[in-house]
Protein chains: 2
Amino acid sequence: MSPRTKFAMAGRNTCPTSPSKSKAFQTAIERIGIAVKYERNAEIYAEDDPADSLYQVIRGTVRSYKLLDDGRRQIGAFYFPGDIFGLEAGAGHTFAAETIVDSKILVIRRIPFVALASRDNNVAHQLWTLSATEVRRAQDHATVLIMNAQERVIGFLHEMARRSPAEAEIDLPMSRGDIADYLGLTVETVSRTFKQLERSASIALPTSRHIVLRDHAAFT
Amino acid sequence: MSPRTKFAMAGRNTCPTSPSKSKAFQTAIERIGIAVKYERNAEIYAEDDPADSLYQVIRGTVRSYKLLDDGRRQIGAFYFPGDIFGLEAGAGHTFAAETIVDSKILVIRRIPFVALASRDNNVAHQLWTLSATEVRRAQDHATVLIMNAQERVIGFLHEMARRSPAEAEIDLPMSRGDIADYLGLTVETVSRTFKQLERSASIALPTSRHIVLRDHAAFT
DNA sequence: CGACCATTTGATATGGATCAAGCGATGTGG
DNA sequence: CCACATCGCTTGATCCATATCAAATGGTCG
C-alpha cells in the first residue's frame, strides 16, 4: 500500500452501520439538514454549547470528548458515516465534538426536527431509537472499560471491525492518543498491546493505521 | 444507630431523582402498570429475556448486570425509587435485573405503553427523555471507569449522595461486591479505599453500609 | 452458641503508568 | 530540493497502584 492510500481510505464512503434507520427518516433529515465541510481537527461544537442542532456524518470521522478537571481527555465515542450524534434531551451538549479527518457533516436544526417528530410518529420512533442506540454504545463502552488493557484493545478492534466496510481489515482514522483516551489507557500501553497482538499473530500491522485481523474467531 | 436501622433506611421512601418526569406521565404509567413485590436478590428479568415490559422502582433498590464470558459480573446501574429501567428499543434485554433488597416494582407492559406514546406526544417525549437519561447515566459511568480507584469510589459516592434523601448521609443497600462490580475494582480495593477516605477524614463510616460525607466541598 | 456471609486486613505479585529516549514520516522554510 | 523541526509512534527501564492470595474479624440468623 502506498503511503497515501491509508488516508484516502480513512475517509470511508460506505455506511455499514445503522441498519434500523428507515429510508423515509433519512430522506426527512436530508431535507431539513444542510451539509457542511470541516477540515481535520475542526471543532463542531464545544462542551456545554447549546444543543440546538444534531449531526450526521456524511464523510469522515468524528470524536466526542470531554476534558476532566485535571486536564485528562476522555473520548466518549467515534462516529462514522451514517452515524448521528449531538442529539441531547437537555439544553446543552455534554461532550464536545471534533472531526478527526476532513469530513462532511449534515447539520440538522433541532427545532424543525423535533417539530417533525411530534407530527410524524415514525420520526418520533426514530428519535427514540437513536437515543437507544446511544445507550447501547455507552454501555458497551463501559463494559470494555472494566477489563484489562488487552481486552480493551481487542474490544476496540471489534468495534472498529464491525463498522469497517471490509470485515477483517481496519483503517484507523484516529491516532494512538485518541485510542488511549477512549480506552482509559496510555499511548504507550496501546502501542505495546498492538505489538503483543501482532507477536501472537492475532493481528497484522502493515502500517500503524492499518490493521488486519487474523484468527477472526478469537475476535468474535 | 441501632443495628437494624440501616436496613430499614436502605429501603428508601422518597423519590429525589427524575425531576423531568411530568405528573401526567407518572399518572399514565401508574394506570397502565401493576405493582409487584419482589424479595431481596430476586430476578426481575434475565439477560436476553424478551423486553416486553418496563419497570419503575416504587420501593427498594435494583441492580442491572451482565455476566461476561469468563464469569465476571459487570453491574451496569443501580435503580432507586422513581427510576425507570428495562426500557429497550430492541427485542431483548441487554442486561439482567435483580432486586438488592425487598422491593416493590411497577411493571408496565410495553405494548400499551408504546401505543400510548404514539397517541400522546407528551408520552412520546417522555419516552425519549427516559432514553436520554439512560445515555447520560451510562456516559457518567464510563467517565468514572477511566479513573483510578479512589476517583471511582468518590464518583460512586457522589452518585449515591445525589440520589440520597439526606444530602451528605448515605445508606448503601448494596454490598462491597456490588460496588466493586460496578466500578471494575475488587472488593478488597473498595474496602481499602473507603478506609483511606475515612483516614483522610473525607468520610465517616459508622457502619459499613452507612456513610457520612465530611468536607462536602471535595465531593462536588 | 455456632455457622455463615460480608467485610476488613495483611503479604506478595504484577500489569500498566511514568519517565526517558529514539525513530520514521510529514511538512516547512531557506 | 534539501535541512530541519515537528509530530506520531515505538521501545526500554523503573515504579507504583491494584489484583491476588490468605486469613482474621465481625455481624446476623438459625
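To find a chain, count down the sequence lines: A is the first, B the second, and so on, and within it residues start at 1. Keep in mind that this is a model prediction, so the values were computed, not measured.
- Rounded to an integer number of Å, the gap from CG of A:N148 to C1' of D:dA17 is 15 Å.
- A:R176 places its CZ atom 15 Å from the C1' atom of C:dC23, with the value rounded to the nearest Å.
- Counted by atom type alone, B:T193 and B:Q150 present zero donor-acceptor pairs between their side chains at under 3.5 Å.
- An OP1 or OP2 oxygen of D:dC9 is reached within less than 4.0 angstrom by a side-chain nitrogen or oxygen of A:R209.
- When heavy atoms are screened at a 4.0 angstrom cut-off, A:S175 is found touching the sugar-phosphate backbone but no base atom.
- The distance from atom NE2 of A:H210 to atom C1' of D:dC9 is 18 Å, rounded to the nearest whole Å.
- Residues satisfying the salt bridge (charged side-chain N to carboxylate O under 4.0 Å, His left out) criterion with B:K195, sequence neighbours excluded, are B:E198.
- In this structure, CG of A:L185 is placed 14 Å from C1' of C:dT18, rounded to the nearest angstrom.
- The salt bridge (charged side-chain N to carboxylate O under 4.0 Å, His left out) test applied to B:E47 returns no partner, not counting sequence neighbours.
- Taking atom CZ of residue B:R40 and atom P of nucleotide C:dA6, one finds them 8 Å apart after rounding to whole Å.
- Evaluation of the side-chain contact (heavy atoms from CB on, under 4.5 Å) rule for A:T186 yields A:E188, A:T189 as partners, not counting sequence neighbours.
- Scanning residues 188-196 of chain B for heavy-atom distances under 4.0 Å to DNA chain D yields B:E188, B:T189, B:R192.
- Rounded to an integer number of Å, the gap from CG of A:D178 to P of D:dG8 is 9 Å.
- Atom-to-atom, CD1 of B:I100 to C1' of C:dA6 comes out at 15 Å; the value is rounded to the nearest Å.
- If you measure from atom CD of A:E198 to atom C1' of D:dT11, you get 14 Å, rounded to the nearest angstrom.
- In this model, no donor atom of one side chain and acceptor atom of the other lie less than 3.5 Å apart for B:D49 and B:H93.
- Within the structure, salt bridge (charged side-chain N to carboxylate O under 4.0 Å, His left out) pairs that include any residue of residues 147-160 of chain A comprise A:E151-B:R72 (at least two apart or interchain).
- A:D178 is linked by a salt bridge (charged side-chain N to carboxylate O under 4.0 Å, His left out) to A:R63, A:R73, counting only residues two or more places apart in sequence or in another chain.
- Applying the side-chain contact (heavy atoms from CB on, under 4.5 Å) rule to A:R136 yields the partners A:Q139, A:D140, B:T94; only residues at least two apart in sequence or on another chain are considered.
- Taking B:Y55 as the reference, B:Y45, B:F85 meet the ring-ring contact (aromatic ring centres under 6.0 Å, His included) condition, with sequence neighbours excluded.
- Taken over five-pair windows at either terminus, the axes of the helix from C:dC1-D:dG30 to C:dG30-D:dC1 are inclined to one another by 30° (rounded to 10 degrees).
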